[in-house]
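Worksheet: one structure, shown below.
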Amino acid sequence: MAEITVEKKSRVRGRSRRKGALFVISAPSGAGKSTLCKELLRKFGDLKLSVSYTTRQPRKGELNDVHYTFVTQKKFKNMINRGEFAEWAMVHGNLYGTSLNRLKKLNKEGYDVILDIDVEGAKQIRRKYDNAVYVFILPPSMKLLKQRLTKRGTDSKETVSRRLERARLEMGGYKDYDYVIINDRLEKAYRELESIILSMRARTKTLDPDRIKNILN
Ligand code: ADP
Ligand code: 5GP
């Protein structure tokens, strides 16, 4: 099974190696994943979100290559044919995919990586990488999910209905994930997510062996 190994600059001395951690985070649209991830990225300088490719139209305020790389269906399909995606899926009628090159580059630069992807994409990653941790974020109820999607104000009424329908299906996929966070109170949900990141980094198989050697010497 493939594993991402990163060359990571040790803050202690010289260069050292540790396996790059991959955090796969899935949630039905509106559950609060972007809000939670934004806070994680603000707090952890060595954690980056992999910017996905998509054929969906940009929402108001979304920037190309920052929120997504927005491409045509033709370009996306060419990328599929050339094997350029670590995973890809059709979500809400649009194509979304994680670039293999971007993933490798981020890890080479020494970052741990968050993949904000759907359940189908997560299944594909599970088959390819054995060093990922899977987190599913649930809303406290369908009623609140609808309220949040409406409050966000980025989608039409029709799109909100479509997203709610899909949410029911997606939420059934939580069982395949290592952790489930119920996003009722934002601060509590964030603390849970942060704890998962910290504990993943302390796992024996993720630790930098050179750093441990330095301690033992
Ligand atoms: P997602 O990225 O999962 O689609 P967002 O992060 O955009 O969801 O959140 C959807 C809306 O719900 C946003 O307006 C956000 O501010 C709000 N929200 C997120 N988490 C909470 C929470 N715990 N309590 C109340 N509102 C929340
Ligand atoms: P949105 O259009 O609301 O930004 O995202 C819709 C859904 O697409 C979310 O569930 C999000 O996790 C998923 N998604 C975003 N990028 C990717 C990707 O690269 N691959 C897959 N499989 N899903 C993605």
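As the structure lists them, so they are numbered: ligands from 1, and atoms in each ligand from 1.
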Identify, for atom 10 (O) of ligand 2, the protein heavy atom at the shortest distance, and state residue, atom and that distance. Lys33 NZ, 3.5 Å

Hey, do the aromatic rings of Phe85 and Phe76 have their centres closer than 6.0 Å? yes

min-distance protein heavy atom vs atom 8 (O) of ligand 1 -> Gly32 N, 3.2 Å

Please report whether ligand 2 has a polar contact with Ile25, defined as an N or O pair separated by less than 3.5 Å (distance criterion only). no

Tell me, which protein residue and heavy-atom name are nearest atom 7 (C) of ligand 2, and how many Å apart are they? Val91 CG1, 3.7 Å

Heavy-atom nearest neighbour of atom 20 (N) of ligand 2 within options Arg102, Arg152, Glu87: Glu87

Do any N/O atoms on Arg56 end up under 3.5 angstrom from N/O atoms on ligand 2? yes

To check your reading of the model: name the closest protein heavy atom to atom 25 (C) of ligand 1, its residue, and the distance in Å. Arg148 NE, 3.7 Å

May I ask you to check whether Trp88 has an N/O atom sitting below 3.5 Å from an N/O atom of ligand 2? no

If you measure from atom 14 (N) of ligand 2 to every heavy atom of Thr159, Asp116, Val119, which option wins on shortest distance? Asp116

Is the closest heavy-atom distance from Ser29 to ligand 1 below 4.0 Å? yes

Just which atoms of ligand 1 are under 4.0 Å from any heavy atom in Leu186? 20 (N), 23 (N)

Can you find a non-hydrogen atom of Glu120 under 4.0 Å from ligand 2? no

Nearest protein heavy atom to atom 13 (C) of ligand 2, by residue and atom, and its distance? Asp118 N, 3.9 Å

Mark up the atoms of ligand 1 that fall under 4.0 Å of a heavy atom belonging to Lys151, in ascending order. 14 (O), 17 (C), 26 (N)

Is there a heavy atom in Tyr53 that sits closer than 4.0 Å to ligand 2? no

Arg163 heavy atom under 4.0 Å from ligand 2: yes

Residue, atom and distance of the protein heavy atom nearest atom 10 (C) of ligand 1 read Gly30 O, 3.7 Å

Does ligand 2 have any atom sitting under 4.0 Å from a heavy atom of Ala27? yes

Would you call His67 a ligand 2 contact, heavy-atom distance under 4.0 Å? no

Test your reading of the structure: does Arg59 have an N or O sitting under 3.5 Å from an N or O of ligand 2? yes

Under a 4.0 angstrom heavy-atom cut-off, which atoms of ligand 1 come close to Ser34? 1 (P), 2 (O), 6 (O)

Taking both backbone and side-chain atoms of Glu170, is any N or O found less than 3.5 Å from an N or O belonging to ligand 2? no

Does at least one non-hydrogen atom of Ala189 fall below 4.0 angstrom from an atom of ligand 1? no

Taking distance alone, with N or O pairs closer than 3.5 Å, would you say Arg185 contacts ligand 1? no

